[in-house]
Amino acid sequence: MLKVGVMVSGGGTNLQAILDAIDHGTITNAKVEVVISNNPGAYALERAKGHGIPGVCLSPKSFDTREAFNEALLAKVDEYDLDLIVLAGFLVTIPAAMIRKYRNKIINIHPSLIPSFCGVGYYGLKVHEAALARGVKLTGATVHFVDEGMDSGPILLQKAVEVLPGDTPKILQQRVMEQAEWKLLPQAIDLIANGKL
Ligand code: GAR
């Protein structure tokens with residue numbers, strides 16, 4: 001059984017998609033051991049609680065230095081003896097020591113077709129604002145392994161989504177979530193849990 005930790009910052013719809021996929025048997029051989037948030041107000045923590053999964057909040061703001069936060073984050077992750085760490089809308093830079101220790105064991109979902117609209121400054125709605133500003137007709141989502149760069153690790157899965165006339169960033173974000181993110185992230189976890197990647 002793959003022991004999974006999910007790291008979140010906000011609403012947690014991707015976390016919900018993972019929990020639903022486990023409940024429905026779309027993901028097999030995997031269990032979410034912990035949900036870790038940097039944001040005490042993240043609704044994702046409520047979703048974890050609703051599923052009887054420990055929800056932990058570690059905010060950089062409660063530490064004197066970034067180094068102290070990074071050490072505490074790694075220590076917290078280590079406590080759960082995880083096989084896979086899933087960044088599901090986690091908007092904090094992963095400490096280098098954690099990337100080294102968990103190489104090829106951290107995956108991230110990004111709401112564009114990497115290498116478009118990714119890297120520093122591209123997160124959440126900003127990604128969709130940039131896609132609309134550029135006038136692309138196709139966007140999508142990407143699941144990739146996390147390395148030392150920003151959105152630069154090896155790509156596992158991608159799915160394209162159409163941009164439609166009249167789209168606003170919010171409408172496009174919702175379509176990318178529904179058609180791509182909520183499918184791709186569970187699929188990636190299931191492939192890893194069943195040794196297919
Ligand atoms: C998702 O769209 C995810 O792809 C994005 O944040 C959102 C989180 O939503 N992540 C990034 O932009 C990372 N660069 P959620 O909390 O409802 O799952």
Side-chain angles (χ1 to χ4, degrees), residues 4-22 27 32 34-51 53 55-60 73 84-95 98-99 106-134 136 138-163 167-189:
V4 180
V6 183
M7 303 183 69
V8 296
S9 298
T13 63
N14 278 286
L15 167 67
Q16 192 66 53
I18 295 166
L19 298 176
D20 290 347
I22 291 175
I27 297 176
V32 177
V34 64
V35 171
I36 299 176
S37 172
N38 62 302
N39 167 14
Y43 186 65
L45 289 171
E46 297 300 317
R47 297 182 193 270
K49 207 192 280 174
H51 255 77
I53 295 165
V56 177
C57 178
L58 278 182
S59 167
L73 188 64
L84 180 69
I85 297 162
V86 178
L87 309 185
F90 188 61
L91 302 181
V92 169
T93 304
I94 298 296
M98 184 165 150
I99 293 171
I106 310 176
I107 62 172
N108 178 49
I109 179 93
H110 183 77
S112 75
L113 293 174
I114 290 175
S116 291
F117 311 117
C118 65
V120 178
Y122 288 101
Y123 58 88
L125 262 192
K126 289 181 191 293
V127 177
H128 305 292
E129 284 164 7
L132 289 174
R134 184 61 185 85
V136 293
L138 275 181
T139 182
T142 302
V143 178
H144 64 93
F145 284 114
V146 172
D147 68 6
E148 279 77 1
M150 187 72 92
D151 300 328
S152 58
I155 291 171
L156 280 91
L157 298 172
Q158 288 189 304
K159 191 165 189 293
V161 173
E162 263 190 294
V163 179
D167 273 354
T168 63
K170 282 211 155 161
I171 291 172
L172 184 56
Q173 179 183 51
Q174 185 69 21
R175 188 179 311 114
V176 168
M177 283 178 157
E178 281 173 11
Q179 295 186 5
E181 296 188 47
W182 299 342
K183 294 178 180 166
L184 279 190
L185 196 52
Q187 189 188 347
I189 295 168

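Every value quoted in this text rests on a predicted model; they were computed, and no experiment measured them. One-based numbering, in listed order, for ligands and for the atoms of each.
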Donor-acceptor pair, Asn39 side chain versus Ser9 backbone, under 3.5 Å? yes
Can a donor-acceptor pair be found, under 3.5 Å and without considering hydrogens, that links the side chain of Gln158 to the backbone of Val143? no
If you count every heavy atom of other residues, nucleotides or ligands that lies below 6.0 Å from Tyr123 atom OH, does the total exceed 12? no
Once you restrict both partners to nitrogen or oxygen, which atoms of ligand 1 have a protein partner under 3.5 Å, and how far apart are they?
from, atom 1, to, atom 2, distance (Å)
ligand 1, 2 (O), Glu181, OE1, 3.1
ligand 1, 2 (O), Glu181, OE2, 3.0
ligand 1, 4 (O), Glu181, OE1, 2.7
ligand 1, 12 (O), Gly124, N, 2.8
ligand 1, 14 (N), His110, ND1, 3.2
ligand 1, 16 (O), Gly11, N, 3.4
ligand 1, 16 (O), Gly12, N, 2.7
ligand 1, 17 (O), Gly12, N, 3.4
ligand 1, 17 (O), Thr13, N, 2.8
ligand 1, 17 (O), Thr13, OG1, 2.6
ligand 1, 18 (O), Thr13, N, 3.3
ligand 1, 18 (O), Asn14, N, 2.9
ligand 1, 18 (O), Asn14, ND2, 2.9

Kindly say whether Ala141 contributes a backbone atom to a donor-acceptor pair with the side chain of Ser112 at under 3.5 angstrom? no
Is there a side-chain contact between Leu73 and Ile36 (heavy atoms, below 4.5 Å)? yes
Tell me every residue that passes salt bridge (charged side-chain N to carboxylate O under 4.0 Å, His left out) with Arg47, counting only those two or more places apart in sequence or in another chain. none
